[in-house]
Amino acid sequence: MSHPEYTQEELDALALYSLGLLEGDEGSNLDEHLSAGCTDCESHLMGFHRAAASFASMLFLL
Amino acid sequence: MDESNGQEPIQHDQSELQTIECARDKRWRSYLNRAARQEPQALADLYDESSRLIFSIAIGILGNPADAEEITLDVYTYVWRSAAQFDSSRASVATWLVMLTRSRAIDRLRTISSRTDQSGMNRSHNLHGTPVALTSDDSSRVFVVRVLEQLESADRELLEHVFYSGLSHSELAIKLEIPLGTVKSRVRAALGRVRKLMGEC
């Protein structure tokens, strides 16, 4: 499963999901979508994870 | 979309930091590989190099050294048991450790909050306070300061709340007094700026 293009809303949802902040049906739907094996969404999630971890690491370095 | 805030990139420092981070990740992956073969010294080496970062994340979320130490121990116990499951194609070791720590610390925070019947909105968190010594070299710190300077203060504040507070999406919207949809779009945009500024191995 893959996406040809993402809407801003989909990317916004993935960003929140990457931090465990997406609630309700939206979160459940994304759970199911990822369980179905969407590699594009997985790739975006990993990117957001990297960014969040980098940000936290930067604060540590200060 | 320009996600770098329209400012000059900082290529020189960025490549230096990337070199340092890539070398570190290679080393940490080696520790994990050895830990997966149940070599205790490998876990000790990983702990020596990463535990200050892990503790800083935990205490940033929990604000309590005793709880943060417990989470840190919990993380390395998990690492020892799960080293073989680490997939380096999905994330760096640092990203894996940081996100694992955040997840466990927020679970603990929510448990504590529910036990004490505190509203999530009233949780306090210590964003920067950490008793640990800083070990980064000066060039890394200079780079970090410059990256953070390129983030608008509102983005930085938002990411700090998002990362450390343990508040849900809707709780964040109330606390920050911005609409739900705006929280989403601002989180995505701020993380996008960090991704662009940091680069990748």
Side-chain angles (χ1 to χ4, degrees), chain A, chain B residues 1 21 52-57 60 89-92 94-99 101-103 106 127-128 130 132 134-136 140-141 143-145 147-148 151 156 159-160 162-164 166-172 180-181 183-198 200:
Chain A
M1 188 185 301
S2 64
H3 289 262
E5 281 185 26
Y6 281 88
T7 65
Q8 290 299 318
E9 289 75 18
E10 286 170 336
L11 290 173
D12 292 349
L14 279 165
L16 276 195
Y17 185 90
S18 73
L19 291 160
L21 298 176
L22 201 59
E23 298 167 280
D25 289 345
E26 211 174 1
S28 307
N29 292 341
L30 196 44
D31 273 338
E32 287 178 20
H33 178 70
L34 288 163
S35 297
C38 180
T39 52
D40 286 345
C41 286
E42 275 290 339
S43 175
H44 277 289
L45 279 182
M46 286 186 273
F48 286 128
H49 278 159
R50 271 196 300 274
S54 294
F55 178 75
S57 300
M58 283 194 288
L59 294 184
F60 165 72
L61 285 171
L62 284 182
Chain B
M1 183 189 303
E21 289 191 340
R52 281 180 286 265
L53 169 63
I54 297 314
F55 182 81
S56 79
I57 303 294
S89 70
R90 293 173 57 87
S92 69
T95 296
W96 185 56
L97 290 175
V98 166
M99 299 309 285
T101 305
R102 176 181 179 271
S103 170
I106 285 176
L127 295 178
H128 301 294
T130 168
V132 299
L134 295 177
T135 57
S136 57
S140 297
R141 198 172 298 129
F143 170 76
V144 163
V145 168
V147 168
L148 290 175
L151 284 176
R156 181 175 161 173
L159 288 181
E160 287 178 347
V162 163
F163 195 88
Y164 287 106
L167 297 177
S168 68
H169 172 204
S170 50
E171 288 170 338
L172 280 167
L180 279 171
V183 173
K184 274 188 192 172
S185 58
R186 283 186 50 197
V187 168
R188 192 263 310 151
L191 287 177
R193 286 187 196 101
V194 174
R195 283 173 76 172
K196 189 162 186 173
L197 289 167
M198 291 300 294
E200 294 177 14

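Just so it is clear: chains get the letters A, B, ... in the order the sequence lines come, proteins before strands, and each one is counted from 1.
Take E42(A) and apply the salt bridge (charged side-chain N to carboxylate O under 4.0 Å, His left out) test, not counting sequence neighbours, and it matches R90(B).
For the set L19(A), L11(A), L22(A), the count of heavy-atom pairs under 4.5 angstrom toward chain B peaks at L19(A). Across G181(B), S185(B), A94(B), the residue that shares the most heavy-atom pairs under 4.5 angstrom with chain A is S185(B). Interface remark: of the candidates S18(A), A51(A), A15(A), A51(A) forms the most heavy-atom pairs closer than 4.5 Å to chain B.
Residues Y6(A) and L14(A) are in side-chain contact: their nearest non-hydrogen atoms beyond the backbone lie under 4.5 Å apart.
Salt bridge annotation for K184(B)-E26(A): present, with a cationic side-chain nitrogen under 4.0 angstrom from a carboxylate oxygen.
Under the 3.5 Å distance criterion, with hydrogens and angles disregarded, a donor-acceptor pair is assigned to the side chains of Y17(A) and D31(A). Donor-acceptor pairing under 3.5 Å is lacking for the side chains of S54(A) and S57(A).
Looking at I57(B), only its side chain comes within 4.5 Å of chain A, counting heavy atoms on both sides. Proximity to chain A is absent for every atom of R186(B), based on heavy atoms less than 4.5 angstrom apart.
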